[in-house]
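Comments concern the structure below.
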Amino acid sequence: MNPEDFIFYSFIIFGIIAAIFVYAALSLFIRIKKSWWRRGFLLFACWLTTIMVIFSGDLINLSVSIIFFLAALWCACEGTLLKRITLGLLFSSAISAFNGFYDNCIGFLAHCGGMDTLYSNLYLIGRLFFAVILYLSIRVRKPRQDFELSSPLWRLMLLLTLSPLGIMISLILLRSPYMRIGETILSDSALFLLVILSFAVLLRALTVLEKQQRLEQENMLALQNQRYYKTMEQQQFETRKLRHDLSNHLQILLALPEDQKDAYIKEMLARPAFGQILTWCGDTTINIILTVKEELMRQNNILFLAKVDIKDELPFDRSDLCAIFANALDNAVEACVALTEGEREIHLDAAAQKGVLAVNIRNSCQSVSVTKDFPKTTKKDAKNHGLGLRSIQETVNKYDGNMEIKQKKNSFNLFLYLPIPVTP
């Protein structure tokens, strides 16, 4: 193989490897669509941006690489438009800033030292090194792919991104390769490094914001589950209280005129407190939840078939059990209500054996639309709903368990298991 072919193939191989690392780093921030041509388009954009030569005085290469990268991100990735634009500018600008530093500053120093050949041989190795560092630095504190910040936060991040981008564009526009002298190389190097550092800080800020948002969401879900469980407990307390006061109601009945007794009796029997408290298993919390949800299903003419093999009280936090059973059954009821009567079915199988709690809930439903691994909520206010499965997932993760969702044409199945904590 002659030297020209060796340089050519090395250029292709190192460029592709560097592009793969950039692609992997980007995938840690945003979910990429599964279409093969979209992924190939994005990978090609990563390759083009990585190998692009950024010389002072030449704005064409910089503009082409950034615009092409943004177009690929818009086409191949999910998420809001603000998220895709901000991440696209952050990644393409950070890579272009390093390329500008490497091609202008390192290249100029190599030329002054008579090391042009060495610089040419290490041309793509430097780019590969930056791509690897970029990936590893993000991988250490990787955010959740489907995270979304509020629109004001995304706009703020976009504005912060434009500042170092403007500095980099100024460096490219205001410098000419024919006018470079040793006095400007130091200032240009410092500015390029400052721009690269700025993009690194912004990427780090995104991971911090994502973590803060995740913690706030977890706290909100935990508080919601606690309130949910307390509401059901209060309902059961009112039930016991009402039954305790049954003698008072009987006395009222005796004192009422004959024409008012029937109406009073019907009113009392219609109250949930006079419904039967069912014993499904040995755990009080699950009994309360299933009793309340069974009444809800009965009112909506939903066939409910349950098999619960839990002999004793489970050592889980009460709100966590509520998060699993109440949210899952609420979602199942919501899906069944959209069907005609006769098609509404919910099957629950739960067992606590050999140190593991396993729960399987299957319900009939219409065709399911999926986004980000979760079905879309059917409620109009989608922004403030659809947290049921997210709450279940957070609870399962809390106990190092696992959750699986299986969907068919007219059926939705939720299966999860989590280790039972060992009580001291």
Side-chain angles (χ1 to χ4, degrees), residues 6-26 43-69 88-138 161 164-203:
F6 177 78
I7 294 175
F8 174 77
Y9 288 118
S10 298
F11 184 86
I12 297 296
I13 293 172
F14 280 107
I16 292 175
I17 296 175
I20 291 173
F21 274 101
V22 173
Y23 179 95
L26 184 63
L43 183 61
F44 177 76
C46 293
W47 176 80
L48 181 66
T49 305
T50 302
I51 68 168
M52 185 65 70
V53 178
I54 306 296
F55 278 136
S56 295
D58 182 10
L59 192 60
I60 295 178
N61 285 359
L62 178 64
S63 303
V64 168
S65 61
I66 292 179
I67 293 174
F68 195 84
F69 194 88
L89 281 178
L90 270 174
F91 272 81
S92 60
S93 300
I95 296 169
S96 298
F98 176 80
N99 290 350
F101 168 73
Y102 196 77
D103 295 338
N104 292 278
C105 302
I106 302 298
F108 179 77
L109 293 175
H111 175 73
C112 293
M115 296 183 292
D116 289 339
T117 302
L118 178 62
Y119 167 74
S120 299
N121 294 334
L122 298 179
Y123 173 75
L124 277 178
I125 294 180
R127 283 162 161 74
L128 175 58
F129 174 77
F130 179 75
V132 172
I133 294 299
L134 178 67
Y135 170 76
L136 293 178
S137 60
I138 297 174
T161 302
L165 177 60
I167 296 175
M168 180 177 65
I169 292 175
S170 299
L171 279 172
I172 302 300
L173 283 178
L174 300 179
R175 295 287 189 269
S176 170
Y178 303 105
M179 298 175 62
R180 181 163 303 283
I181 55 177
E183 295 171 351
T184 62
I185 192 68
L186 294 177
S187 60
D188 287 359
S189 299
L191 287 173
F192 271 119
L193 290 175
L194 179 62
V195 169
I196 296 171
L197 180 61
S198 299
F199 288 127
V201 170
L202 288 174
L203 287 172

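Nothing here was measured: the structure is a model prediction, and the numbers come from that model.
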Would you sort out whether Arg127 and Tyr102 count as a side chain to side chain contact (heavy atoms under 4.5 Å, CB included), showing the intermediate values? CA-CA 8 Å; Arg127 283 162 161 74; Tyr102 196 77; 3.6 Å; yes
From CA spacing to verdict: side chain to side chain contact (heavy atoms under 4.5 Å, CB included), Leu203, Leu134: CA-CA 10 Å; Leu203 287 172; Leu134 178 67; 4.0 Å; yes
Is there a side chain to side chain contact (heavy atoms under 4.5 Å, CB included) between Ser96 and Met52 once you walk through the steps? CA-CA 8 Å; Ser96 298; Met52 185 65 70; over 6 Å; no
Evaluate side chain to side chain contact (heavy atoms under 4.5 Å, CB included) for Asn99 paired with Ile51, printing each intermediate quantity in order. CA-CA 8 Å; Asn99 290 350; Ile51 68 168; over 6 Å; no
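Across every non-hydrogen atom of Ala19 and Thr50, the tightest pair is CA-OG1, 4.3 Å. Heavy-atom minimum distance, Ala131 versus Val22: CB-CG2, 3.8 Å. Taking both residues in full, the closest heavy atoms of Thr49 and Ile95 are given as O-CG2, 3.7 Å, listed atom of the first, atom of the second, then distance.
Side-chain atoms of Ile172 and Ile54, non-hydrogen and from C-beta on, do get closer than 4.5 Å to each other. Within the 4.5 Å cutoff, side-chain heavy atoms of Thr161 are placed close to those of Phe199. Trp47 has its side chain out of reach of Ile20: every pair of non-hydrogen atoms, C-beta onward, lies at least 4.5 Å apart. Here the side chains of Phe55 and Leu62 are not in contact, with every heavy-atom distance at 4.5 Å or above.
Rounded to the nearest 0.5 angstrom, Ile169 CD1 and Ser63 OG are separated by 7.0 Å. How far OG of Ser198 is from CG of Leu191: 10.0 Å, rounded to the nearest 0.5 Å. In this structure, CZ in Phe69 is found 4.5 Å from SG in Cys46, a value given to the nearest 0.5 Å. Taking CD1 from Ile16 and OH from Tyr23, the interatomic distance works out to 14.5 Å, rounded to the nearest 0.5 Å. Interatomic distance, Leu26 CG to Leu43 CG, rounded to the nearest 0.5 Å: 11.0 Å. Atom OG in Ser93 sits 12.0 Å away from atom CD1 in Ile167 (nearest 0.5 Å).
Taking the six-membered ring for Trp and thresholds of 30 and 60 degrees, Phe44 and Phe68 have ring planes more than 60 degrees apart, a perpendicular arrangement. The aromatic rings of Phe98 and Phe130 lie parallel to each other, their planes meeting at an angle below 30°, with 60° marking the opposite boundary.
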